[in-house]
Novice: 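The structure that follows is given in the form of structure tokens.
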Amino acid sequence: MNAAADRALAAHGQGLVHVYRSEGADVTALRGVDLEVARGETLALLGPSGSGKSTLLSLLAGLFRPTAGRLVVEGRDLVRAAERERAALRARHVGVVLQSPGRNLLPYANALENLGFVQRTSGRGRAARRRRARELLGLVGLGDAGPKSMQALSGGEQQRLAVAVALCNEPRLLLADEPTSQLDEDNSGRVAELLRGVNRQLGTTIVVVTHDPMVGAVMGRTLTLAAGQVVGGVGPRDGAR
């Protein structure tokens with residue numbers, strides 16, 4: 001695929017291999033995965049534990065480089081990019097929601113302060129950062145939660161706040177790793193619909209790792225992994241991106 005085609009996609013991977021190296025034994029998490037993610041689509045990565053889903057998401061986030069293969073995210077070659085460039089990509093163009101809400105949020109800060117902290121390098125003034133924070137709290141259904149501490153928010157509210165934090169700097173691509181794994185059915189449904197709503201309202205491309213059928217059902221397309229390889233996929237579904 002040429003550079004122009006790469007720019008037309010949110011993400012494009014070819015022959016992705018990733019090996020976790022340790023003194024005892026090397027573990028191959030991905031074995032020649034090919035992936036294309038169109039701009040504006042929603043994609044769920046499915047598969048059993050240990051299938052390589054979270055590893056693939058981490059590569060898309062630039063958290064580490066693939067051992068082999070080619071990977072371009074938002075027009076940037078993440079195989080060649082230095083850590084500084086990959087960190088800049090996450091700061092400006094790729095939002096990441098980690099599996100546990102506590103890993104996404106500052107436990108000693110309230111909701112507004114969490115949203116302000118992540119905007120510290122955005123170039124916005126204090127008033128603009130506060131406006132952006134309030135807009136996002138409204139978007140995720142937490143309009144009155146600004147002064148609340150993390151301890152005062154339920155697990156579902158914390159996860160919705162984590163999505164808001166990931167959206168602060170208006171990323172083109174949102175990556176979420178098991179965003180409903182610690183939630184009950186009602187809150188899982190709210191988070192799943194929130195992700196679809198973000199896609200519909202903002203046009204954000206979304207890739208989510210999940211075991212939750214409810215989340216998979218609202219995404220426009222699914223890709224199933226097993227033992228580090230792609231073994232199936234569904235989509236795009238009618239009426240979904």
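Basis for what follows: all heavy atoms, side chains included, without hydrogens, waters or symmetry-related copies.
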Novice: I want to check something: taking the side chain as every heavy atom from C-beta on, are Leu30 and Leu225 in contact at a cut-off of under 4.5 Å?
Specialist: yes
Novice: Are Val37 and His12 packed together at the side-chain level, in the sense that at least one heavy-atom pair is separated by less than 4.5 angstrom?
Specialist: no
Novice: Could you check whether any side-chain heavy atom of Phe64 comes within less than 4.5 Å of a side-chain heavy atom of Thr55, counting everything from C-beta outward?
Specialist: yes
Novice: Looking only at heavy atoms, which two atoms of Ile206 and Leu195 are closest? And how far apart?
Specialist: CD1-O, 2.9 Å
Novice: Kindly say whether Leu106 contributes a backbone atom to a donor-acceptor pair with the side chain of Asn114 at under 3.5 angstrom?
Specialist: yes
Novice: Quick one: CZ on Arg76 to CZ on Arg92, what's the gap to the nearest 0.5 Å?
Specialist: 8.0 Å
Novice: Does Val163 offer a backbone N or O that forms a donor-acceptor pair with the side chain of Asn104 under 3.5 Å?
Specialist: no
Novice: Report the distance from atom OG1 of Thr210 to atom CG of Asp212, rounding to the nearest 0.5 Å.
Specialist: 4.5 Å
Novice: Run the numbers on Arg90 and Glu83 for salt bridge (charged side-chain N to carboxylate O under 4.0 Å, His left out), then give the verdict.
Specialist: CA-CA 11 Å; Arg90 290 191 296 276; Glu83 169 55 30; 3.2 Å; yes
Novice: Indicate yes or no for a side-chain donor-acceptor contact from Lys53 to the backbone of Gly47 under 3.5 Å, with no hydrogens or angles considered.
Specialist: yes
Novice: Determine the minimum heavy-atom distance between Arg70 and Val79, stating which atoms define it.
Specialist: CA-CG2, 4.1 Å
Novice: Less than 4.5 Å apart, any side-chain heavy atom of Leu78 and any of Arg86?
Specialist: yes
Novice: Locate the shortest heavy-atom distance separating Arg160 from Gly141; write the atom from each residue and the value.
Specialist: NH1-O, 3.3 Å
Novice: Heavy atoms only: give me the nearest Thr204-Asn199 pair and the separation to one decimal.
Specialist: O-ND2, 2.9 Å
Novice: Does one hydrophobic cluster hold both Val118 and Leu202, with members joined at side-chain heavy-atom distances below 4.5 Å?
Specialist: yes
Novice: Would you check if the side chain of Gln159 reaches a backbone N or O of Gly156 as a donor-acceptor pair within less than 3.5 Å?
Specialist: no
Novice: Atom CG in Leu105, atom CD in Glu113: separation rounded to 0.5 Å?
Specialist: 12.5 Å
Novice: Does atom CD (Glu185) have a neighbourhood of more than 12 heavy atoms from anything else shown, all under 6.0 Å?
Specialist: no
Novice: Measure the shortest side-chain to side-chain distance between Leu161 and Glu157 over non-hydrogen atoms and say whether it is less than 4.5 angstrom.
Specialist: no
Novice: Could you tell me the separation between the CG atom of Asp184 and the CG atom of Asn187, rounded to the nearest 0.5 Å?
Specialist: 4.5 Å
Novice: What are the two closest non-hydrogen atoms of Glu41 and Ala38, and how far apart are they?
Specialist: OE2-N, 2.9 Å
Novice: Indicate yes or no for a side-chain donor-acceptor contact from Thr180 to the backbone of Leu183 under 3.5 Å, with no hydrogens or angles considered.
Specialist: no
Novice: Are the side chains of Arg132 and Leu136 in contact, using a 4.5 Å heavy-atom criterion?
Specialist: yes
Novice: Roughly how far, to the nearest 0.5 Å, is CG of Leu167 from CG of Leu115?
Specialist: 9.5 Å
Novice: Can you tell if the side chain of Asp34 reaches within under 4.5 Å of the side chain of Gln14, non-hydrogen atoms only?
Specialist: yes
Novice: Can you give me the closest heavy-atom contact between Leu153 and Ala145, atom names plus distance?
Specialist: CD2-CB, 4.1 Å
Novice: Got a sec: does the CZ of Arg130 have more than 12 other heavy atoms crowding it under 6.0 Å?
Specialist: no
Novice: Any chance CZ of Arg80 has more than 12 other-residue heavy atoms, nucleotides or ligands included, within less than 6.0 Å?
Specialist: no
Novice: Under 3.5 Å, is there a donor-acceptor pair between the side chain of Arg120 and the main chain of Phe117?
Specialist: yes
Novice: Taking Gln229 for the side chain and Gly32 for the main chain, is one N or O donor matched with an acceptor at less than 3.5 Å?
Specialist: no
Novice: Are any side-chain N or O atoms of Arg196 and backbone N or O atoms of Val218, one a donor and one an acceptor, separated by less than 3.5 Å?
Specialist: yes
Novice: Decide yes or no for Val19 and Val27: does some side-chain heavy atom of the first lie under 4.5 Å from some side-chain heavy atom of the second?
Specialist: no
Novice: Report yes or no: do Val198 and Met214 belong to one cluster of Ile/Leu/Val/Met/Phe/Trp/Tyr joined by side chain heavy-atom distances under 4.5 Å?
Specialist: no
Novice: Run the salt-bridge test on Arg124 and Glu135 with the 4.0 Å N-O cut-off and return the result as yes or no.
Specialist: no
Novice: Look only at the side chain of Asp177 and the backbone of Gln99, and say whether a donor-acceptor pair between them is shorter than 3.5 Å.
Specialist: no
Novice: Checking side-chain contact (heavy atoms from CB on, under 4.5 Å) against Met219, which of Leu43, Leu46, Val208 comes through?
Specialist: Val208
Novice: Does any N or O in the side chain of His18 come within less than 3.5 Å of the main-chain N or O of Arg65, such that one atom is a donor and the other an acceptor?
Specialist: yes
Novice: Only one of Val96, Leu89, Val94 forms a side-chain contact (heavy atoms from CB on, under 4.5 Å) with Leu173, so which one is it?
Specialist: Val94
Novice: State the OG1-CZ distance between Thr28 and Arg21, to the nearest 0.5 angstrom.
Specialist: 8.0 Å
Novice: Ion pair present between Glu74 and Arg39, side-chain N to carboxylate O less than 4.0 angstrom?
Specialist: yes
Novice: In the single-linkage hydrophobic clustering (I, L, V, M, F, W, Y; side-chain heavy atoms under 4.5 Å), do Val165 and Leu139 co-cluster?
Specialist: yes
